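Right, one structure below, let's go through it.
Fair warning: this is a prediction, and the values are worked out from it, not measured in the lab.
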Amino acid sequence: MSDTIKVNENELNEVVGGAANWQQYAKGTYVNYGNHIVYTVAVGDVLGGIALRFGVTVAQIAQWNNIKNVNLIHAGQKFTIYPTIVR
């Protein structure tokens with residue numbers, strides 16, 4: 001049995017603003033640890049795209065990782081995320 005929740009793109013677009021296409025704005029890699037992932041930021045990533053990719057909000061990523069400025073992330077940073085979907 002999987003903890004993955006399936007939702008459609010329209011539902012996710014309503015939850016997370018800032019990035020209409022997660023493939024364009026969330027190109028980084030991740031390691032799946034079961035209940036959470038560790039995501040490595042790639043060049044061109046934005047938190048909105050990362051959030052959309054994993055079915056969470058920007059605010060959640062910021063809270064989980066103590067991010068002070070959600071508009072300032074850097075390639076190579078690693079974020080812990082508790083995803084509702086993994087893709």
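- For the atom pair CG (Asn66) and OG1 (Thr80), the distance works out to 12.0 Å, reported to the nearest 0.5 Å.
- Under the 4.5 Å side-chain heavy-atom criterion for grouping Ile, Leu, Val, Met, Phe, Trp and Tyr, Leu47 is connected to Trp64 within one hydrophobic cluster.
- Using the six-membered ring where Trp is involved, Tyr82 and His36 have ring planes that are tilted, between 30° and 60° apart.
- Transitive grouping of hydrophobic side chains (ILVMFWY, heavy atoms separated by less than 4.5 Å) brings Ile61 and Val86 into a common cluster.
- When all heavy atoms of Ile85 and Gly55 are compared, the pair lying nearest together is CG1-N, 3.6 Å.
- Put simply, CG on Leu52 and CD on Gln23 are 8.5 Å apart, with the number rounded to the nearest 0.5 Å.
- Minimum heavy-atom separation, Lys78 to Asn65: O-OD1, 4.3 Å.
- Nearest heavy atom pair, residue Asn35 against residue Pro83, reads O-CD, 4.4 Å.
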Applying side-chain contact (heavy atoms from CB on, under 4.5 Å) to Phe79 and Ile73, what does each step give before you reach the verdict?
CA-CA 10 Å; Phe79 297 137; Ile73 63 173; 3.8 Å; yes

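- Contact between Tyr39 and Arg53 at its shortest, heavy atoms only, is CE1-NH1, 3.5 Å.
- The distance from the CD1 atom of Ile67 to the CD atom of Gln77 is 6.5 Å, given to the nearest 0.5 Å.
- The two residues Ala42 and Ala75 have their closest heavy-atom pair at C-CB, 4.0 Å.
- Considering CD1 of Ile50 and OH of Tyr25, their distance stands at 13.0 Å, rounded to 0.5 Å.
- Of all non-hydrogen atoms in Tyr30 and Arg87, the two that sit nearest each other are CE2-O, 3.8 Å.
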